[in-house]
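These notes are about the structure you will find just below.
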Amino acid sequence: AQSVAQPEDQVNVAEGNPLTVKCTYSVSGNPYLFWYVQYPNRGLQFLLKYITGDNLVKGSYGFEAEFNKSQTSFHLKKPSALVSDSALYFCAVREPTSGGSYIPTFGRGTSLIVHP
Amino acid sequence: DAMVIQNPRYQVTQFGKPVTLSCSQTLNHNVMYWYQQKSSQAPKLLFHYYDKDFNNEADTPDNFQSRRPNTSFCFLDIRSPGLGDAAMYLCATSTEGQETQYFGPGTRLLVL
């Protein structure tokens with residue numbers, strides 16, 4: 001069974017400082033990994049994904065994430081945080097399948113607060 | 001622009017009064033999902049369609065039903081809403097061979 005953990009309910013960072021939002025996962029086989037962002041009263045918005053290839057994945061709005069197979073982690077990072085990055089961030093994992101279910105499992109979410 | 005549209009954005013209903021939420025997509029994706037999300041929690045999958053094949057999650061209450069009359073539209077029917085059904089309802093789509101889910105803006109349901 002697939003599972004994902006976001007160990008922090010909330011991350012606080014000052015504007016201009018680097019940010020990290022943590023995610024660890026458990027799957028059988030090679031994982032498909034995703035990060036989504038949700039602004040208040042909006043749907044989830046895709047940020048980036050890892051399927052295969054380079055362990056460092058670059059996504060929207062200057063975000064990146066590094067796939068670490070040995071640590072089963074996929075932490076989201078940004079070199080310099082903006083106040084507008086304040087939102088709820090969800091990590092998701094899916095086992096690769098050929099046909100059939102395409103259902104990802106979402107983490108519980110991490111609230112990122114960037115202080116001016 | 002191709003997108004996922006949900007109507008209405010806000011819905012107020014009375015306890016026990018049936019309500020229908022709608023989702024449409026211009027992405028021509030064959031998979032559509034309905035999620036329930038409460039209070040900044042993780043989205044909880046209610047059901048999904050793979051083409052016309054309906055897949056119900058084991059713990060989705062019988063009070064929740066869905067219809068997908070064609071590729072573009074999907075409806076969520078709540079037959080007798082209770083106070084506990086107040087939540088944000090998210091529609092999403094994806095397609096075989098493309099792993100990303102595309103979400104609509106959500107419908108916030110309030111039950112009085």
Side-chain angles (χ1 to χ4, degrees), chain A residues 1-11 23 25 27 30-53 57 59-60 74 86-113, chain B residues 1-11 21 23 25 27 29-51 53-60 87-110:
Chain A
Q2 60 194 31
S3 66
V4 62
Q6 292 181 244
E8 303 153 317
D9 286 338
Q10 185 171 301
V11 169
C23 172
Y25 66 89
V27 295
N30 296 319
Y32 290 0
L33 293 156
F34 309 83
W35 277 102
Y36 290 86
V37 61
Q38 186 177 32
Y39 298 99
N41 292 311
R42 302 300 299 273
L44 276 67
Q45 184 176 336
F46 171 74
L47 272 181
L48 50 80
K49 66 183 177 185
Y50 172 83
I51 304 299
T52 186
V57 179
S60 307
F74 190 57
S86 299
L88 193 56
Y89 290 81
F90 290 98
C91 181
V93 66
R94 209 200 85 193
E95 293 177 345
T97 59
S98 54
S101 174
Y102 291 84
I103 308 303
T105 296
F106 284 89
R108 63 180 183 176
T110 298
S111 178
L112 173 66
I113 300 174
Chain B
D1 287 341
M3 58 175 59
V4 181
I5 301 163
Q6 290 188 245
N7 286 304
R9 293 293 312 279
Y10 299 91
Q11 175 74 57
L21 311 182
C23 177
Q25 53 132 339
L27 298 162
H29 286 173
N30 59 335
V31 189
M32 293 188 77
Y33 312 77
W34 277 108
Y35 288 90
Q36 179 192 65
Q37 186 184 28
K38 294 185 177 182
S39 305
S40 299
Q41 296 176 15
K44 177 181 181 299
L45 184 65
L46 295 173
F47 19 64
H48 76 280
Y49 283 89
Y50 186 89
D51 291 321
D53 293 335
F54 176 70
N55 298 272
N56 197 30
E57 293 301 296
D59 58 353
T60 298
M88 175 77 91
Y89 290 87
L90 298 169
C91 174
T93 72
S94 69
T95 191
E96 186 173 359
Q98 185 180 62
E99 302 79 13
T100 303
Q101 286 180 302
Y102 294 84
F103 285 81
T107 294
R108 183 165 294 282
L109 178 68
L110 180 61

Inset, instruction - Report, as yes or no, whether the 6.0 Å neighbourhood of atom CG on A/Asn30 holds more than 12 heavy atoms from other residues, nucleotides or ligands. - result: no
Inset, instruction - Can you tell which part of B/Gln6 gets under 4.5 Å to a heavy atom of chain A, answering side chain, backbone, both or neither? - result: neither
Legend entry - Point-to-point distance, once rounded to the nearest 0.5 Å, from CG of A/Leu48 to OG1 of B/Thr100: 9.5 Å
Legend entry - Side chain proximity check, B/Gln101 to A/Arg94, heavy atoms < 4.5 angstrom: no
Legend entry - Under 4.5 Å from any heavy atom of chain B - which part of A/Leu44: both
Inset, instruction - Could you tell me which non-hydrogen atom of A/Phe90 sits nearest to which non-hydrogen atom of B/Gln37, and how far apart they are? - result: CZ-NE2, 3.4 Å
Legend entry - Nearest heavy-atom neighbours spanning A/Gly107 and B/Ala42: O-CB, 3.0 Å
Inset, instruction - Examine distances only and state if a side-chain atom of B/Arg9 and a backbone atom of A/Asn41 form a donor-acceptor pair shorter than 3.5 Å. - result: yes
Legend entry - Minimal non-hydrogen separation, A/Gly43 against B/Leu90, with atom names: CA-CD2, 3.8 Å
Legend entry - Residue list, side chain to side chain donor-acceptor pair (under 3.5 Å) with A/Thr105, at least two apart or on another chain: A/Gln2
Legend entry - Distance flag, aromatic centroids of A/Tyr36 and B/Phe103, threshold under 6.0 Å: yes
Inset, instruction - Taking the side chain as every heavy atom from C-beta outward, state whether A/Ile103 and B/Tyr33 have any atom pair closer than 4.5 Å. - result: yes
Inset, instruction - Answer yes or no: is there a side-chain heavy-atom contact under 4.5 Å between A/Gln45 and B/Tyr102? - result: no
Legend entry - Whether over 12 other heavy atoms sit under 6.0 Å from A/Arg108 CZ: yes
Inset, instruction - Name the region of A/Gln6, side chain, backbone, both or neither, that has any atom closer than 4.5 Å to a heavy atom of chain B. - result: neither
